[in-house]
Amino acid sequence: MSYVGAGKSDGVPVVDLRSDTVTRPCDAMRAAMASAPVGDDVYFDDPSVNALQDYAADLLGKEAALFMTSGTQSNLVAMLAQCQRGEEVLCGAEYHVFIDEAGGASVLGGVMFAPMPMTANGGLDPDVISRTVKPDDEHCPISRMLTLENSWHGQVQTLAEINAAAQCGKAHGLVVHLDGARMMNAVVKLGVTPAQMVAEADTVSVCLSKGLGAPVGTILAGPKSVIKRAHRIRKLVGGGMRQAGILAAAGLFALQNNIDRLAEDHENALRLSERLADIPGLGVDPAAVQTNMVFVDFPEGSGIPLGKHLAKKGMLIVAGSDHVRLVTHRDCGIDQLDQLVAEIAAFYA
Ligand SMILES: *Cc1c(COP(=O)(O)O)cnc(C)c1O
């Protein structure tokens, strides 16, 4: 999708709701990056990486944390650090680890996935987990890990739901990993602390590069023994970085400054959904908006042409079909969202 020249003269789109990954570092974050002390992190020498890892471990209430290149790498390393060939990871059938990470744990680690049906808000029912755990039988793979995901498609599972699933997994002897790529959105929505959210999970992965606004990076946190193995496996998958403090400084800035403000993204998503619901013919339910995602059903066959029309105006959405996900974030204000709504209304007028 080409938009350069259609938006502002610097090629930055007027509004980009394809994802919250499109956020650019703000001036204060760039200043923190520019002045970050650095060293060679492969020798554990980078003070900014160490500061981020210590801060994140503390924030998440875990013994240790590791700075990863991406959420995909973080989930992969969490699985490879804790699962052997022939072992399986139980997860939701529509979880990112299963459908959006190129099957990395299977490709690289001989780890199987056991996808399970999910509840309406993307959670996992303890009964379903219990039924999916394999017996100690030579015919079966060895169930080793349960992976949870919160938030899932913008939907939030409560602490009670997350804890019930995690406790069920543990009762069956599984290690529990939370793919918390966007867990800070759930934390803000529920008004709980990050440590409360992950109290029952052994390991957790948190993306710094989505709504939190850092350019790159994810945190993997958990017990010291697991993080030590994760460190070796991160090296194995090419994630040993050198003066990574430049990036870690952005991540630390994100954790220190950009969590609470996610509430604004949630308010903007709600407002966007309400405005869109006023346009005749569009299927959108404001009551379903919990965090920073709005799902819209455009009239049949119109999604792709709408996407092309908007792109010419420098307004970006992922319109590969009539069912479209719109994601709000720190780089789209109310004015730009209102411009987008006006453009969509005009398209269907
Ligand atoms: C984005 C995302 C990831 C992967 O993060 P990348 O940094 O894009 O690799 C993993 N899990 C979930 C739920 C995500 O939304």
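What you see is a predicted model; the values in this text were computed from it and never measured. Positions are given from 1 along the sequence. Whatever order the structure lists them in is the order used to number ligands and atoms, beginning at 1.
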| request: With a 4.0 angstrom cut-off on heavy atoms, strictly below it, pick out the residues next to ligand 1 and order them by chain and number. | output: Ser70, Gly71, Thr72, Asn75, His96, Glu101, Glu149, Asp179, Ala181, Arg182, Cys207, Lys210

| request: Examine Phe67 together with His231 and report whether their ring centres are nearer than 6.0 Å. | output: no

| note | With Asp41 as partner, the option from Lys235, Arg234, Arg242 fulfilling salt bridge (Lys or Arg N to Asp or Glu O under 4.0 Å) is Arg234

| message | Just so I know, are the side chains of Leu174 and Leu90 near enough to count as touching, which here means a heavy-atom distance under 4.5 Å? | response | yes

| query | Using 30° and 60° as the class limits, which term best fits the ring planes of His323 and Phe295: parallel, tilted or perpendicular? | reply | parallel

| Would you say Thr21's side chain and Lys210's backbone share a donor-acceptor pair under 3.5 angstrom? | no

| task | Taking side-chain hydrogen bond (donor to acceptor under 3.5 Å, both in side chains) as the test, write out the residues that go with Asp179, two or more places apart. | result | Asn75

